[in-house]
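Keep in mind the model is a prediction, meaning the values are calculated, not measured. Both ligands and their constituent atoms are indexed starting at 1 by order of listing. Index from 1, following the sequence.
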Amino acid sequence: MSSPTARTPRSSTGTLNTLTKLLISLLCAFGAGLVASLIAVVVMGILRLWTGIPTPVELFGDYVLKHIDVHTFIKLLQTFAPHSKTTPLGLALLGMIGSGTLLGLLYAALVRLKLPLTGYQPARREWLIVLALTAAMTLLAVLLFWNELRQNFFGLPLLWASLSTVLGLLATFAVYNTMLALLYRALLPKQRSEETKHVVQSKRQFFSRLGVAALGIGSAGASWGLIQRYLGQYASYDGIKTPSPGGVTFPITPNDLHYVVTQNPIDPTTNRDLWRLEITGLVDRPGSYTYAEIQQLPSTSRAITLECIANGVGDRLMSTAIWQGVALKTLLERHGGPRPSARFIAFYCVDGYNISLPLDEVLAVDPLLAWHMNGSELPQRHGFPMRVLIPGRYGEENVKWLTRVELTDRFVGGLYSDQGWYNGPLHTTSRIDRPSGHVAVGHIVEIGGIAFAGNRGIQKVEVSTDNGQSWHVTTLQPPLSPDSWVSWTWSWIPTAPGSYTLTARATDGTGETQTSHKQGTVPNGATGYHQVTVQAG
Ligand SMILES: Nc1nc2c(c(=O)[nH]1)N[C@H]1C(S)=C(S)[C@@H](COP(=O)(O)O)O[C@H]1N2
Ligand SMILES: [Mo]
């Protein structure tokens, strides 16, 4: 017979009071939560970089961007400049790791494990809680990010993209919760059993805690590596402008000098085998095309100038390319045309960006769905494999990485329209590219620049050398197309030394002169005259 003391399990924590046990549990839950979060970060990083599935951090960012107004958006851009995309994402990532760590405490409260533990294996009840938490977190994320799910950086069609994003969320949360259960157990103090020697038991406990620490350090290192890799693909070309070397603007902008604006920290690298163009919604015969099939569509080429709504007066977020692709009208005709109830058209992209506009307004300007830019395959940063060009609209409506055209009976919205940016016809604008600095008195000085009014075309450009008191009609180059900018010049001979303010103004094809009303880019697009001051001497 054994003695009564031998039958009572002895343990190192057997004598601990409730408060100490609570503190130990908290500490272990905290540690397990932190390490499980870091492992989840590794999982989401691998999914992002090797399968194109967006991370919960990016989904969260996209969600926030669609739920703030344009002024908050600009404020955030300024607050985090020059790392306006990466700093908020980094903070969101830290927030995610923080929440994951705190969730460890919630888990501890739910499982209420009695200290000391009898073993390392989570019991059925713990697994059920893991399951329930995984389901709840996935469900919550799916509901919250419902409108963000349909993106995939390798270009999966929308339905497959949504499915794979949901699976990605499920995998990330399942790994997190499973690790939480295992690590929490691994860290908590164990009961001593009679069968195993004390030293063996404490060794096992020591090594399992060491293992958790090593996992934590390892996954922190791996996360760091993945973040570096992610940043290595960062779209640092976002915001590059088209220069006018020596004051001359090329009528056609070479591809590598075309301005770029993207919402994405990393632009999609669309896989041409996965990608499809889908024609859906209120169209007579919906259908889809592979990359090879779109090349077979009847195509047309046209010079179209793009201008970002964030282009200030006189600025250079404006470029012109010869775009080749299928006319939207032609494409819709191949599908039996719009049904009578179709009132809007929505364009969806593989990066989760989408826009919608009234169908009749869009068809009226003869948009192109282009796969060639200046004779070469559409560059990745400009929307490979296909983008939309809607003449007369700001760049934001000219979606890149197009994957679905949908005809609808209602306005669908999109990032910038949800924020409250203007999405009507772009404003007429003109820019002075030369001269600048000093000019010589008594000699001919060529004043020149460009003017643009979208699909309305340019009828006339005038220039003033006396701050708008008198105007001279300039000579226009023939435009490359009805949808492109025009070049203008005027020869001036400064007669007296001094400071001159040159001003330009354009009149569009409808006979309307651009407004002199000075207005910044936010939220309606800039207006006002471009002015340049030169010194004659
Ligand atoms: N899918 C997608 N399309 C997009 C964007 C984007 O971020 N994603 N940015 C828009 C904006 S704001 C502009 S100004 C133009 C810029 O086109 P570009 O980079 O080819 O000059 O693309 C538009 N199309
Ligand atoms: Mo833009």
Chemist: For ligand 1, list the protein residues that place a heavy atom within a distance below 4.0 Å of one of its atoms, sorted by chain and number.
Modeler: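 Around ligand 1, where the cutoff is 4.0 Å for heavy atoms, the contacting residues are His258, Tyr259, Val260, Val261, Thr262, Gln263, Cys308, Cys349, Asp351, Tyr353, His382, Arg387, Gly395, Glu396, Asn398, Val399, Lys400, Trp401, Tyr416.
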
Chemist: Looking at Tyr416, is its backbone amide N or carbonyl O close enough to the side chain of Gln419 to form a donor-acceptor pair, meaning the two atoms are under 3.5 Å apart?
Modeler: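 Such a contact is absent between Gln419 side chain and Tyr416 backbone.
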
Chemist: Run the ring-centre check on Phe145 versus His67 and record whether the distance is less than 6.0 Å.
Modeler: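 Distance test on ring centres: not under 6.0 Å, no.
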
Chemist: Name the orientation class of the two ring planes belonging to His258 and Trp323 (parallel below 30°, tilted from 30 to 60°, perpendicular beyond 60°).
Modeler: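 If you compare the ring of His258 with that of Trp323, the planes turn out perpendicular.
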
Chemist: Can Arg48 be said to sit on top of Phe153's aromatic six-ring, NZ or CZ under 6.0 Å from centre and within 45° of the ring axis?
Modeler: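 Positive - Arg48 is close enough to the ring of Phe153 and near enough to its axis.
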
Chemist: Hey, do the aromatic rings of Phe250 and Trp485 have their centres closer than 6.0 Å?
Modeler: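 No, too far apart.
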
Chemist: Exactly one of Asp238, Asn264, Thr262 should register a side-chain hydrogen bond (donor to acceptor under 3.5 Å, both in side chains) with Lys85. Which one does?
Modeler: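 Running side-chain hydrogen bond (donor to acceptor under 3.5 Å, both in side chains) over Asp238, Asn264, Thr262 with Lys85 returns exactly one hit, Asp238.
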
